[in-house]
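The structure appears below as structure tokens.
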Amino acid sequence: MKGDQEHQEDPVLSRIGKFGRWQVKTISVVQLVGFFTAWQMLAVSFIVPEIEFWCSPPGLGRPVGEKLNWTSPGVVMNNKTSVDACLMYDYDYASTTLPAEVTQSPVTGCSRWDYDREVYPQTVVSEFNLVCGGDKWRSISQSVYMFGVMVGAVGSGILSDRFGRKKVTLAASVGIFVFGIGVAFSPSMAVFTFLRWCVAVCSISCFTCGYVYCMEIVGGNWSTYIGIGLEFPWALGYMSLPLMAWIFPSWSHLQLAISIPILLLTILLFIPGLVPESPRWLLVRGQTEQAEEILAKASQMNGNSMAMVNSETKTSKEVKNVGTTATILDLFKTPCIRRSTLIMYYLWFTNSFVYYGLTLNSGSLIPGDLHINFVIGGALEILAYALTILAFLYAGRRISMSVSMLIGGVALLITPVVSSIAVKAVLAQLGKFAITGSFAMVYLYAAEIFPTVVRNVGVGSASMCARVGSIIAPYIGRELGRSSPAAPVIIFGVTSVLAGLVVLLLPETKNTKLPDTIMQGEEFNREFGGMAGLRRKKDKVQPTQIFTQDIHSTD
């Protein structure tokens, strides 16, 4: 059996099995990274929300939160009259409170604002006056945060390869705790933005290293179950965030509430033997004695009675494989791999662009209450991840991603057309639901598309494209949405539909052996990708036409 051959040749799985009690113990701890990083990533919707504001000039003496509409001149936009809160009547408000006297005065720039405090008594917006001239800081801070995600995604990969998965995960959890608390005491918007950048670097490092750790200790179909299953804690964090925001409505209290609990993960990682270093990483680094000790304990816990494996022999083989040199340029030297690479880059960009564009602007792009939208969004993510596992196991990678992105794109394109607010909300949530599923799919699909010698650099560079999408998402979702509410949804819909079409040009990787070398990868993508792949029936593919091991083979 192909699955048995993979199991026997793998230096880790041959000792501990593809999944057992030891994996349950370690993954149950490491999976917490998704829960805590979701809080940090998505909290911006509650600490920097869209809230109503008005000009409240000095000397007026009105209670905090009392709405005023006569201190600023009215403007007409789209045949509707509203108040321009960025301007105020230039008047001595200490001498009168009669609107009739004030409105005859000349106009100047407003110097002091007040905010609707019914839901949020204090926010970053109200504390640092992120309105009018200061409004640009909202999108800047979020783009800087996403830039931190980009830096962390690249840097954590380098650091974890050198120092170990557990060490970097542990250090990142400490960083989230320290910088997260620091954010709550930011004296200025500049400091807030910088500390949030630090939180972003640590959050994605914690999640990525934890994800890699878990994937290195499972095999067979469990790679699919765990690979997508690790997204469930993220969805639970997503769903619980509105509850945290309701309990702690002040932004600084909320920031503390989502930062301090990560001490639980830090303490668990500190407990000796509970979560050891990745044995696969130890073998590759030549630390065979430590790896042997971990594997022996794991094998005993899993009840694996298979013969002892010569770890030293396996290590030499793995180090030899790791030593194969490949760079990002190898992804573009041959035409068929280049085509698949560019398509995969676009898929990552689109998924991140649309997902974060909708999620972080759900208060303005998706009708309804922000808290309710988040609970619904989180619940739909859980359903999306469950369906993703089933789709990947039974329908394959290519068709699953195509259908998911087409459904999401079409739903978003229909949203601006309908007039009913309820229908708009349903369509927008459906679009986000579909994109959530495709975002989970693209992680595993990318790992299978790229040949072994360029797999790390391929997935890493594709992730960089995703970060570009998340960096520009605030400007499309919020800044463009302010002038044309329908424009962002249309842009998200068009990019999703296009992605759903181009993904069909990628080769199907379900139940196939995957290429190791560039030459094999070129042949694989030429025969099973592009128009040739669309015309080819999967049942006509012979075993000799495909390459290495099926990384999701049947147990």
Side-chain angles (χ1 to χ4, degrees), residues 32-33 35-51 53 56 64-65 112-149 151-152 155 169-207 237 240-267 269-270 360 363 370-371 374 474:
L32 291 174
V33 299
F35 187 86
F36 293 124
T37 55
W39 279 358
Q40 296 292 339
M41 182 79 76
L42 304 176
V44 65
S45 295
F46 295 97
I47 64 177
V48 192
E50 298 288 344
I51 55 175
F53 68 97
S56 182
V64 173
R112 181 178 177 272
W113 295 269
D114 198 5
Y115 303 84
D116 183 357
R117 302 176 188 272
E118 182 177 354
V119 178
Y120 308 101
Q122 185 72 301
T123 67
V124 173
V125 177
S126 59
E127 180 147 341
F128 300 120
N129 286 322
L130 305 187
V131 295
C132 300
D135 183 83
K136 61 181 181 294
W137 276 103
R138 299 166 64 109
S139 295
I140 290 174
S141 65
Q142 189 56 33
S143 291
V144 169
Y145 183 94
M146 289 301 177
F147 177 68
V149 172
V151 172
T169 304
L170 178 59
S173 69
V174 174
I176 294 174
F177 174 75
V178 173
F179 294 119
I181 291 177
V183 169
F185 298 98
S186 300
S188 67
M189 194 59 198
V191 174
F192 172 87
T193 301
F194 171 72
L195 291 176
R196 282 270 297 167
W197 179 87
C198 295
V199 169
V201 172
C202 294
S203 294
I204 194 63
S205 299
C206 194
F207 181 84
S240 63
L241 184 59
L243 176 62
M244 298 292 286
W246 178 73
I247 297 174
F248 304 100
S250 177
W251 81 269
S252 57
H253 296 164
L254 175 60
Q255 181 61 37
L256 290 173
I258 63 175
S259 300
I260 295 175
I262 202 170
L263 271 179
L264 172 63
L265 174 62
T266 304
I267 293 171
L269 291 175
F270 261 121
L360 299 180
L370 178 61
H371 293 72
F374 257 68

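Nothing here was measured: the structure is a model prediction, and the numbers come from that model.
To the nearest 0.5 Å, atom OH of residue Tyr120 and atom CD1 of residue Ile51 are 9.0 Å apart. To the nearest 0.5 Å, atoms CD1 (Ile176) and SG (Cys206) are separated by 4.5 Å. Rounded to the nearest 0.5 angstrom, Phe177 CZ and Leu265 CG are separated by 12.5 Å. Distance OG1/Thr123 to CG/Asp116: 10.0 Å, rounded to 0.5 Å. Taking CE of Met41 as the reference point, atom CD1 of Ile258 lies at 11.5 Å (rounded to 0.5 Å). Atoms CG and OG1, on Leu42 and Thr37 in that order, are 9.0 Å from each other to the nearest 0.5 Å.
The two atoms that bring Ile204 and Val149 nearest to each other are CG2-O, 3.4 Å, heavy atoms only. Closest approach of Phe35 to Gly237, counting heavy atoms only: CD1-N, 3.5 Å. In plain terms, the two heavy atoms of Ala172 and Cys202 that are nearest each other are CB-O, 3.3 Å.
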Report the C-alpha distance between Leu256 and Phe185 in whole Å, list the side-chain angles of each, state the deciding distance to 0.1 Å, and finish with yes or no for side chain to side chain contact (heavy atoms under 4.5 Å, CB included). CA-CA 9 Å; Leu256 290 173; Phe185 298 98; 4.0 Å; yes
Passes side chain to side chain contact (heavy atoms under 4.5 Å, CB included), Val44 versus Tyr145? Steps please. CA-CA 10 Å; Val44 65; Tyr145 183 94; over 6 Å; no
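Around the NE2 atom of His371, the shell of radius 6.0 Å holds more than 12 heavy atoms that belong to other residues, nucleotides or ligands.
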List the atom pairs, donor and acceptor, that lie under 3.5 Å between side-chain atoms in residues 187-199 and the rest of the protein, sequence neighbours left out.
{"residue": "Ser188", "atom": "OG", "partner": "Val191", "partner atom": "N", "Å": "3.3"}
{"residue": "Thr193", "atom": "OG1", "partner": "Met189", "partner atom": "O", "Å": "2.8"}
{"residue": "Arg196", "atom": "NH1", "partner": "Gln40", "partner atom": "O", "Å": "3.0"}

Can you give me every donor-acceptor pair (side chain of residues 242-252, partner residue at least two apart or in another chain, under 3.5 Å) with its distance?
{"residue": "Trp251", "atom": "NE1", "partner": "Glu127", "partner atom": "OE1", "Å": "3.0"}

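Applying the side chain to side chain donor-acceptor pair (under 3.5 Å) rule to Ser173 yields the partners Thr266; only residues at least two apart in sequence or on another chain are considered. Checked against side chain to side chain donor-acceptor pair (under 3.5 Å), Thr169 has no partners two or more places apart in sequence or in another chain. Residues satisfying the salt bridge (Lys or Arg N to Asp or Glu O under 4.0 Å) test with Arg117, not counting sequence neighbours, are Asp114. Residues passing the ring-ring contact (aromatic ring centres under 6.0 Å, His included) test with Tyr115: none are found, sequence neighbours excluded.
A donor-acceptor pair under 3.5 Å is formed between the side chain of Ser141 and the backbone N or O of Arg138. Judged by distance alone, with hydrogens and angles left aside, the side-chain atoms of Ser126 form no donor-acceptor pair with the main-chain N or O of Gln122 at under 3.5 Å.
Ser240 and Trp39 share a side-chain donor-acceptor pair at under 3.5 Å.
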